[in-house]
Amino acid sequence: MKRIAVLTSGGDAPGMNAAIRAVVRKAMFHGLEVYGIQYGYAGLLKKDIKKMELGSVGDIIQRGGTSLYTARCKEFFQHEVRVEAVKILKELGIDGLVVIGGDGSYRGALELTKLGVPCIGIPGTIDNDILGTEFTIGFDTALNTAIEAIDKIRDTAMSHERTYVIEVMGRNCGDLAIWAGVTAGAETVIIPERKSDINETVAKIVRGHERGKKHSIIIVAEGAGNAFEVGKQIEERTGYETRVTVLGHVQRGGTPSAMDRMLATRFGNNLVYYGFEEALRLEPHVDLGLAKLCDELSI
Ligand code: ADP
């Protein structure tokens with residue numbers, strides 16, 4: 001194995017840049033050439049590929065988004081298109097591909113692997129919906145963004161004695177809602193993984209009012225229903241003034257937290273090692289440990 005490529009795909013997540021940086025540095029440490037594919041699978045099909053050097057990943061660790069850009073690519077669902085992608089990779093002499101993205105990007109990577117291109121997936125998504133890892137890159141930053149916003153809304157909720165329904169992201173996964181709800185002190189969380197009953201939610205809010213708490217925060221995961229409908233139902237049934245805020249894409253951007261930068265760095269470092277271990281004829285190992293990680297990333 002001499003040459004690998006890296007791409008970011010699907011929804012961006014803070015910390016993707018730290019992962020790109022680690023992949024490039026680690027691969028170069030082992031004498032590999034690294035190519036960066038811009039705009040995910042769409043860029044691969046257009047051969048939007050550039051050689052990466054150490055300088056290509058300088059000054060990016062602290063930035064949100066992805067310096068390789070990202071895209072969604074409908075054509076990639078077609079077998080013939082993926083065969084074309086494999087042909088392009090082979091023409092360019094690329095022996096392995098690192099895909100940084102969410103579950104959809106992983107599915108694409110799996111299909112490419114089946115067609116003979118070894119792929120490594122690095123879980124980069126704020127949704128925390130990838131099996132096999134406790135946390136995905138971007139989740140911690142998104143969570144902190146969400147609770148900062150919820151804390152601010154709580155000030156207004158308290159001052160005006162209102163109920164606020166706040167929708168957080170997460171696609172079909174309720175992790176962001178649960179973590180935000182628990183750490184921001186919400187009355188309840190409405191998530192796809194649990195059947196929710198509007199009567200119970202209303203009863204909780206009413207119980208709070210009866211013991212003197214005149215404001216409430218309800219967190220709704222985007223995959224669990226319509227926050228505006230929840231707000232309408234609450235206001236109609238309780239008569240309490242209720243407002244709805246959808247936090248939206250503010251949760252996707254921003255400076256990655258230290259935890260996300262470290263997680264991304266460790267994923268980049270360890271996964272290049274594990275994924276291409278055989279091809280690189282490396283000694284098998286259990287865990288690199290942080291001191292070794294610093295050596296291998298030339299830190
Ligand atoms: P994420 O990776 O953030 O979950 P998406 O679900 O939009 O984002 O997936 C990103 C891209 O991965 C899609 O636009 C498509 O190109 C590719 N992809 C997703 N699912 C598949 C699949 N089943 N087969 C092949 N490619 C897929």
Side-chain angles (χ1 to χ4, degrees), residues 5-20 23 36-49 64-89 94 96-143 145-146 168-177 192-193 221-224 247-254 256 260 263-264 267-268 271 275:
V6 55
L7 59 80
T8 49
S9 164
D12 64 303
M16 278 183 162
N17 280 326
I20 297 168
V23 167
I37 299 173
Q38 304 198 113
Y39 305 101
Y41 297 126
L44 169 57
L45 296 172
K46 288 190 189 142
K47 301 189 193 171
D48 192 346
I49 297 175
T66 160
S67 55
L68 284 177
Y69 306 99
T70 186
R72 295 202 157 89
C73 175
K74 271 200 217 131
E75 300 80 37
F76 220 70
F77 285 89
Q78 297 163 35
H79 176 77
E80 322 78 76
V81 171
R82 294 193 300 266
V83 169
E84 183 57 30
V86 169
K87 217 172 105 197
I88 292 170
L89 288 169
I94 291 168
L97 178 65
V98 180
V99 172
I100 306 170
D103 62 341
S105 305
Y106 264 60
R107 277 189 208 108
L110 180 63
E111 295 303 325
L112 287 181
T113 302
K114 286 184 198 158
L115 291 173
V117 177
C119 293
I120 294 173
I122 296 188
T125 165
I126 65 163
D127 302 336
N128 208 32
D129 59 353
I130 306 265
L131 188 74
T133 181
E134 201 171 347
F135 294 111
T136 56
I137 298 164
F139 177 71
D140 183 65
T141 307
L143 172 64
T145 302
V168 301
M169 290 181 100
R171 271 170 109 171
N172 298 319
C173 177
D175 276 25
L176 202 50
E193 294 85 349
E222 69 174 329
L247 295 185
H249 280 97
V250 70
Q251 295 157 99
R252 283 254 288 266
D260 274 331
L263 185 68
F267 269 135
L271 293 188

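If you're wondering where the values come from, they're calculated on a predicted model, not measured in any experiment. As the structure lists them, so they are numbered: ligands from 1, and atoms in each ligand from 1.
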Among all protein heavy atoms, pick the one closest to atom 7 (O) of ligand 1 and tell me residue, atom and distance.
R72 NE, 2.5 Å

Could you state the interatomic distance from NE2 (H249) to CE (M169), rounded to the nearest 0.5 Å?
4.0 Å

Got L263 and F139 here, is their nearest side-chain heavy-atom distance under 4.5 Å?
no

Report the part of E75 (side chain from C-beta onward, or backbone N, CA, C, O) that has a heavy atom under 4.0 Å from ligand 1; answer both or neither where that applies.
neither

Please check: side-chain N/O of Y106 versus main-chain N/O of G121, any donor-acceptor pairing under 3.5 Å?
yes

Nearest-neighbour protein heavy atom for atom 21 (C) of ligand 1, which is reported as residue plus atom name and distance
F77 CE2, 3.4 Å

So, regarding R107 and ligand 1 (criterion: nitrogen or oxygen to nitrogen or oxygen, under 3.5 Å), is there a contact or not?
no

Give a yes/no verdict on whether any heavy atom in D103 is under 4.0 Å from an atom of ligand 1.
yes

Could you tell me whether Y69 atom OH has more than 12 heavy atoms of other residues or ligands within 6.0 Å of it?
no

Using a 4.0 Å cut-off to any heavy atom of G11, which atoms of ligand 1 qualify?
3 (O)

Considering non-hydrogen atoms of the protein only, which is the closest contact for atom 8 (O) of ligand 1, and what is the distance?
G10 CA, 3.4 Å

Closest non-hydrogen protein atom to atom 25 (C) of ligand 1, residue and atom name please, with distance?
F76 O, 3.4 Å

Near G102, which atoms of ligand 1 are under 4.0 Å from a heavy atom of that residue?
1 (P), 2 (O), 3 (O), 4 (O)

Numbering the atoms of ligand 1 from 1, which are under 4.0 Å from a heavy atom of Y41?
12 (O), 16 (O), 17 (C)

For the backbone of G10 and the side chain of T70, can you confirm whether one donor and one acceptor N or O come within less than 3.5 Å of each other?
yes

Of the side chain and backbone of R171, name the one, both, or neither that has a heavy atom under 4.0 Å from an atom of ligand 1.
side chain

Between E193 and G174, is there a donor-acceptor pair closer than 3.5 Å when you use the side chain of the first and the backbone of the second?
yes

Any nitrogen or oxygen of C73, main chain or side chain, under 3.5 Å from a nitrogen or oxygen of ligand 1?
yes

If you scan protein heavy atoms around atom 2 (O) of ligand 1, the nearest is S105 OG, 2.5 Å

Could you tell me if the side chain of L271 sits less than 4.5 Å from the side chain of V98, heavy atoms only?
no

Looking only at protein heavy atoms, identify the closest one to atom 26 (N) of ligand 1 and say how far it is in Å.
G108 CA, 3.4 Å

For a 4.5 angstrom cut-off between non-hydrogen side-chain atoms, does M16 reach S67?
no

Starting from atom 11 (C) of ligand 1, find the nearest protein heavy-atom neighbour and note its residue, name and distance.
S9 OG, 3.7 Å

Go through the side-chain N and O atoms of D12 and T66 and say whether any donor and acceptor fall under 3.5 Å apart.
no

I'd like to check whether A71 has a polar contact with ligand 1, where a contact means an N/O of the residue lying under 3.5 Å from an N/O of the ligand.
no

Under 4.0 Å to a heavy atom of R82 - the qualifying atoms of ligand 1, by number
24 (N), 25 (C)

Give yes if a backbone or side-chain nitrogen or oxygen of G101 is under 3.5 Å from a nitrogen or oxygen of ligand 1, and no if not.
no

Compute the minimum heavy-atom distance from K74 to ligand 1 and say whether it is under 4.0 Å.
no

Using modelled atom types and a 3.5 Å cut-off, is there a donor and acceptor pairing between side-chain atoms of N128 and backbone atoms of T136?
yes

For atom 19 (C) of ligand 1, what's the nearest protein heavy atom and its distance?
G104 O, 3.0 Å

Can you confirm whether more than 12 heavy atoms, excluding those of E134, are under 6.0 Å from its CD atom?
no

Contact check, side chains of P14 and D140, non-hydrogen atoms, under 4.5 Å:
no

